[in-house]
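Worksheet: one structure, shown below.
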Amino acid sequence: MDCGIQSQTSHSHSPEAIGHPQQHKPQPIGYTFLQLKVYTPDEVVHELEKAKVEYLEASVGVTAKKKILVPKLLRWHMQDFADDLESLIEWIYSQLSSSGLLKRRVMECLKGEAKLPIQKMVEIVPYEYEFRYLLPEIVRAKA
């Protein structure tokens with residue numbers, strides 16, 4: 001049945017098409033470059049899991065006084081993966097790589113001699129509103 005609508009399909013793809021992703025392609029913005037991460041359809045679940053672990057390992061910490069540092073962003077969205085602060089810490093712990101130092105340090109805090117209530121053991125780190133540009137070596141050398 002012809003309704004007078006013609007579809008236009010093209011079999012040629014540009015380098016930026018979804019079928020041809022480019023990982024970490026720098027995009028020029030003035031004199032700086034914005035680093036983009038492109039997730040491929042075949043590996044999106046694995047890549048997002050990896051990005052989640054990388055974010056947790058980069059943003060969660062443990063102080064010398066055995067306090068677990070949790071970013072405010074996780075606290076804001078806690079209801080997406082935890083019911084309360086204690087289950088949030090359990091979720092964070094379960095997501096960290098088993099061979100990582102951070103996982104061991106979190107466990108040391110949880111099993112410490114002076115078993116503190118979870119509210120006293122956790123410190124919420126304020127959210128940083130700053131945007132950072134990742135500059136390539138050439139731009140940094142000229143600066």
Side-chain angles (χ1 to χ4, degrees), residues 3 5-143:
C3 299
I5 300 173
Q6 296 178 351
S7 72
Q8 295 178 344
T9 58
S10 172
H11 295 289
S12 64
H13 295 285
S14 70
E16 293 83 20
I18 289 181
H20 304 283
Q22 295 180 0
Q23 295 277 338
H24 303 287
K25 182 179 179 183
Q27 299 293 323
I29 300 177
Y31 293 105
T32 61
F33 285 83
L34 176 63
Q35 200 78 3
L36 298 178
K37 180 160 181 136
V38 177
Y39 295 101
T40 58
D42 297 336
E43 296 289 324
V44 72
V45 172
H46 173 71
E47 291 169 347
L48 289 173
E49 284 291 322
K50 183 180 174 191
K52 174 185 64 179
V53 172
E54 288 172 353
Y55 169 76
L56 290 172
E57 289 178 347
S59 62
V60 174
V62 176
T63 69
K65 295 181 179 181
K66 304 286 187 194
K67 282 200 164 215
I68 301 170
L69 303 173
V70 175
K72 192 165 194 154
L73 191 62
L74 281 178
R75 181 75 163 116
W76 283 338
H77 298 284
M78 179 175 74
Q79 65 273 24
D80 292 337
F81 32 78
D83 296 326
D84 54 18
L85 195 55
E86 186 171 353
S87 60
L88 175 64
I89 298 302
E90 290 173 6
W91 179 83
I92 290 170
Y93 179 81
S94 72
Q95 301 303 310
L96 296 172
S97 62
S98 58
S99 62
L101 175 63
L102 181 59
K103 189 165 191 158
R104 284 183 294 201
R105 294 189 68 201
V106 169
M107 180 53 75
E108 289 170 8
C109 290
L110 296 174
K111 298 218 181 232
E113 292 103 36
K115 183 74 172 145
L116 297 171
I118 198 77
Q119 289 79 12
K120 294 194 183 240
M121 191 183 308
V122 174
E123 184 177 326
I124 304 299
V125 179
Y127 182 70
E128 290 185 31
Y129 293 93
E130 294 179 10
F131 181 79
R132 288 187 309 175
Y133 287 105
L134 300 175
L135 303 176
E137 294 296 323
I138 291 174
V139 174
R140 279 188 254 155
K142 290 180 180 179

Can you name the closest pair of heavy atoms from [X] and [Y] and give their distance?
| X | Y | answer |
| --- | --- | --- |
| Leu85 | Met78 | N-SD, 3.9 Å |
| Pro71 | Ile124 | C-CG2, 4.4 Å |
| Val62 | Cys109 | CG1-SG, 3.4 Å |
| Leu96 | Leu56 | CD2-CB, 4.0 Å |

Can you find a pair of side-chain heavy atoms, one from Ile118 and one from Leu88, that are under 4.5 Å apart?
no

Evaluate the side-chain proximity of Ile68 to Ile92: yes if any heavy-atom separation is below 4.5 Å, no if none is.
no

Look up atom [atom1] in [X] and atom [atom2] in [Y], then write down how far apart they are to the nearest 0.5 Å.
| X | Y | atom1 | atom2 | answer |
| --- | --- | --- | --- | --- |
| Lys103 | Ser94 | NZ | OG | 7.0 Å |
| Glu47 | Glu54 | CD | CD | 10.5 Å |
| Ser59 | Leu73 | OG | CG | 8.0 Å |

Within residues 79-91 or reaching into it, pairs that qualify as side-chain hydrogen bond (donor to acceptor under 3.5 Å, both in side chains) - sequence neighbours excluded:
Asp84-Ser87

What residue pairs, at least two apart or across chains, pass salt bridge (charged side-chain N to carboxylate O under 4.0 Å, His left out) with a residue in residues 55-78?
Lys66-Glu108

Quick one, Ile89 with Val70, criterion side chain to side chain contact (heavy atoms under 4.5 Å, CB included). Give me CA distance, side-chain angles, the key distance, then yes/no.
CA-CA 9 Å; Ile89 298 302; Val70 175; 3.7 Å; yes

